[in-house]
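For reference, the structure discussed in these notes is given below.
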Amino acid sequence: MLDIQQLRADPENIGSRLAKRGYTFPAAQFQWLEAQRKSIQTQTQELQAKRNATSKQIGIAKQKGEDATAIMAEIAHLGDELKQAESQLERIQSELQQLLLTIPNLAHSSVPEGKSETDNLEIRRWGTPRSFDFTIKDHVSIGEELGLLDFETAAKLSGARFNVMKGGIAHLHRALAQFMLDTHTQEHGYTEIYVPYLVNADCLQGTGQLPKFEEDLFAVHAGTSGHMGATTSTGHDSFKLYLIPTAEVPLTNIVRNEIIPLEQLPLKLVAHTPCFRSEAGSYGKDTRGLIRQHQFEKVELVHIVHPQTSYEALEQLVSHAEKILQKLELPYRVMTLCTSDMGFSAAKTYDIEVWLPAQKAYREISSCSNCEAFQARRMQARFRNEKGKPELLHTLNGSGLAIGRTLVAILENYQNRDGSLTIPSVLQSYMGGLDRLTIEDGK
RNA sequence: GGAGAGAUGGCCGAGUGGUCGAAGGCGCUCCCCUGCUAAGGGAGUAUAGGCUCAAAAAGCUUAUCGAGGGUUCGAAUCCCUCUCUCUCCGCCA
């Protein structure tokens with residue numbers, strides 16, 4: 001959420017900065033709502049003040065044993081008037097709030113302006129793609145020929161965009177998660193966190209998935225019913241829970257409605273969770289293989305930091321994600337996303353793209369964003385600053401890494417002529433010393 | 001799933017209709033006193049809004065005692081619904 005003070009003070013400037021990300025700010029609607037809000041709020045508060053003062057007088061009079069009927073008559077009709085004003089105010093404020101909740105974050109000044117992903121800026125490359133002296137296969141063929149990747153069974157169980165892994169690949173998949181968690185906790189100073197995979201709507205509103213992107217989520221209801229009308233403080237149905245689309249949601253919302261003592265900052269959190277995405281709007285995209293699934297695993301990094309250090313933190317965060325690829329010896333490049341390619345909540349995003357030989361392309365494997373105070377404002381996530389006053393935190397998140405896609409990269413980059421797969425050396429200790437998966441293993 | 005108890009400020013805890021944003025204590029900050037230490041005295045100490053203001057400071061004002069709704073001139077206090085926590089029983093990975 002943007003700062004409403006800033007929007008009031010300088011709507012043209014904010015509007016033009018939002019236009020760079022392809023968002024048209026409804027300035028006229030905003031200003032109309034603001035004008036309404038101002039007059040109705042003033043009126044409401046005057047009525048409330050009058051009620052409070054008069055009621056106080058009645059109290060004093062009654063305590064003295066005096067007759068208060070004259071004063072009571074004076075405000076006999078005030079109740080109705082007030083009720084009407086209050087409900088009007090509530091309506092206009094929720095309209096304003098809804099508008100505010102659908103406005104994306106402002107891009108940081110260092111973000112390149114652009115219209116599509118072709119305007120993203122490559123900032124560095126690491127590693128050299130391996131040259132193969134045989135005809136290479138994509139990860140689906142490799143996995144299926146090993147007998148360890150089974151999309152048909154997955155389709156029987158759940159439908160398209162799910163997968164079943166077996167034996168060595170299932171093990172490798174698990175090993176990757178362990179390896180990533182160990183690296184971040186032991187070498188990068190993160191605290192490992194276990195979180196719920198089902199969260200309430202307030203969390204998703206906090207990180208920015210709601211109210212705008214509900215169609216991208218999976219939702220579940222607790223039981224059949226019997227909980228009619230239960231709502232959270234923000235008016236959400238408290239029995240509707242959502243499967244997390246990323247651990248960013250529960251991890252970041254840990255600080256929702258909290259005031260963190262200055263000395264506890266920065267918080268560096270890591271969690272390994274499954275992620276669930278409906279992938280609405282991506283029909284026909286990456287339909288083959290593990291690249292785009294309804295369910296996948298991810299190790300997620302979250303930083304909760306002092307506003308002054310959030311851009312340093314972003315560089316660290318990217319370097320932590322990169323470290324995983326370096327240890328796995330997988331070639332990658334780092335991109336700065338342009339204004340129109342960034343996610344809703346981000347002020348600046350680096351994508352890390354790993355080399356996939358079968359696609360002869362770099363593909364996204366991590367996305368690291370500084371959301372500045374955008375999520376913190378939605379969540380009321382604050383810290384006590386140097387002057388002892390509560391101030392909004394900055395939040396950052398990044399994949400470190402997407403496990404399914406890392407597995408894809410390993411399958412394709414470590415494939416051998418005979419159909420076997422070499423295990424990257426850093427993973428061998430997680431695989432009981434195994435250095436190779438062969439076709440025999442899958443039988 | 002059944003029975004009961006509870007939810008108040010950073011913490012503890014009082015408050016069952018009226019000058020209550022909330023006694024008291026602890027903690028914290030500042031000041032005074034005390035040649036160190038200990039003890040003592042005084043003041044302050046929630047959050048989010050709105051309005052006035054060029055801005056800051058300041059002033060005025062509204063809301064908030066788990067959440068939402070209701071009764072009332074007036075609700076922390078009464079009523080309803082929900083959530084969460086604790087205790088006991090049952091069930092369960």
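Chain letters run A, B, ... following the sequence lines, proteins first, then strands; residues in each count from 1.
- As rounded to the nearest Å, B/rG66 and B/rU61 have P atoms that lie 26 Å from one another.
- Checking A/Asn52 against A/Gln5, the closest nucleotide of RNA chain B that is more toward the 5' end is the one next to A/Gln5.
- Judged by Watson-Crick or G-U wobble contacts below 3.5 Å, the nucleotide B/rA58 has B/rU52 as its partner.
- Here the separation of B/rG13 from B/rG18, taken at their C1' atoms, is 24 Å to the nearest Å.
- Taking every heavy atom of both residues into account, A/Tyr242 and A/Asn200 meet most closely at CD1-C, 4.4 Å.
- Pair check for B/rA93 finds none; no Watson-Crick or G-U wobble contact set falls under 3.5 Å.
- Rounded to an integer number of Å, the gap from A/Arg384 CZ to B/rU29 P is 14 Å.
- Partner assigned to B/rU81 is B/rA67, using Watson-Crick or G-U wobble distances below 3.5 angstrom.
- Residue A/Glu86 contributes atom CD, which lies 10 Å from atom P of B/rG69 at whole-angstrom precision.
- In this structure, A/Asp80 places its CG atom 13 Å from P of B/rG70, rounding to the nearest Å.
- Of the candidates B/rA63, B/rG18, B/rU19, the closest approach to any side-chain atom of A/Ile60 belongs to B/rU19.
- When both pairing distances are held under 3.5 Å, B/rC36 makes no Watson-Crick or G-U pair with any nucleotide shown.
- A straight line from CD1 of A/Ile92 to C1' of B/rG49 spans 16 Å, rounded to a whole angstrom.
- Comparing B/rU47, B/rU19, B/rG49 against the side chain of A/Lys56 picks out B/rU19 as the nearest.
- In this structure B/rG17 sits in no base pair that meets the Watson-Crick or G-U test at under 3.5 Å.
- Atom pair A/Leu82:CG and B/rA63:C1' shows a separation of 12 Å (rounding to whole Å applied).
- Within 3.5 Å, no donor on the side chain of A/Glu46 pairs with an acceptor on the base of B/rG50, nor the reverse.
- Checking B/rU62, B/rU47, B/rC51 against every side-chain atom of A/Lys38, the shortest atom distance belongs to B/rC51.
- Here, B/rC60 and B/rA22 have their P atoms 14 Å apart, quoted to the whole Å.
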Requested in this report: Any chance you could lay out the side-chain contact (heavy atoms from CB on, under 4.5 Å) test for A/His139 and A/Ile291, step after step, and finish with the verdict?
Outcome: CA-CA 10 Å; A/His139 72 277; A/Ile291 297 282; 4.3 Å; yes

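- Atom NZ in A/Lys50 sits roughly 17 Å away from atom C1' in B/rU62 (whole-Å rounding).
- Here A/Arg382 reaches the OP1 or OP2 of B/rA48: one of its side-chain N or O atoms lies under 4.0 Å away.
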Query raised in the report: Would A/Glu372 and A/Asn105 count as a side chain to side chain donor-acceptor pair (under 3.5 Å) if you check the C-alpha gap in whole Å, the side-chain angles of each, and the deciding distance to 0.1 Å?
Result: CA-CA 9 Å; A/Glu372 300 185 0; A/Asn105 201 359; 5.3 Å; no

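- Taking only side-chain atoms of A/Gln380, from C-beta outward, the nucleotide of B/rA48, B/rC73, B/rC51 with the closest atom is B/rA48.
- Both distances falling under 3.5 Å, in either a Watson-Crick or a G-U wobble arrangement, place B/rU45 opposite B/rG27.
- A sub-4.0 Å separation between OP1 or OP2 of B/rG50 and a side-chain N or O of A/Arg8 is present.
- The pair A/Glu187-A/Lys327 counts as a salt bridge, with a side-chain nitrogen and a carboxylate oxygen less than 4.0 angstrom apart.
- A sub-4.0 Å separation between OP1 or OP2 of B/rA63 and a side-chain N or O of A/Arg51 is present.
- With P as the reference atom, B/rA54 and B/rG49 are 22 Å apart, rounded to whole Å.
- A/Asp3 has its CG atom 13 Å from the C1' atom of B/rA48, to the nearest Å.
- Between B/rU62, B/rG69, B/rC73, one nucleotide has an atom nearer to the side chain of A/Met72 than all others, and that is B/rC73.
- A close approach under 4.0 Å does not occur between any side-chain nitrogen or oxygen of A/Lys83 and OP1 or OP2 of B/rU72.
- Across the interface with RNA chain B, nearest-nucleotide mapping of A/Gly79 and A/Gln93 shows A/Gln93 to be the residue nearer the 5′ end.
- The nucleotide B/rA75 finds no pairing partner, because no Watson-Crick or G-U wobble arrangement with both distances shorter than 3.5 Å includes it.
- Remark: the separation of the P atoms in B/rG74 and B/rA5 is 31 Å, to the nearest Å.
- The heavy-atom pair separating A/Pro250 from A/Ile244 by the smallest distance is CD-CG2, 3.6 Å.
- In terms of modelled atom types and a separation under 3.5 Å, the side chain of A/His303 and the main chain of A/Leu317 share no donor-acceptor contact.
- Under 4.0 Å is where a charged nitrogen must lie from a carboxylate oxygen, and between A/Glu81 and A/Lys50 no such pair does.
- Spacing of C1' atoms, B/rG15 relative to B/rG25, comes out at 15 Å, to the nearest Å.
- Within 4.0 Å (heavy atoms only), A/Ile58 reaches at least one base atom of the nucleic acid.
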Requested in this report: Give the C-alpha distance, both sets of side-chain angles, the deciding distance and a yes or no for salt bridge (charged side-chain N to carboxylate O under 4.0 Å, His left out) between A/Glu279 and A/Arg161.
Outcome: CA-CA 9 Å; A/Glu279 295 298 338; A/Arg161 294 201 192 282; 5.9 Å; no

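- Atom P of B/rA55 sits at a distance of 47 Å from the matching atom of B/rG17, rounded to the whole Å.
- Taking atom P on both B/rU83 and B/rG21, the two are 31 Å apart, rounded to the nearest angstrom.
- Summarising the geometry, the separation between NZ on A/Lys389 and P on B/rU29 is reported as 16 Å, rounded to the nearest angstrom.
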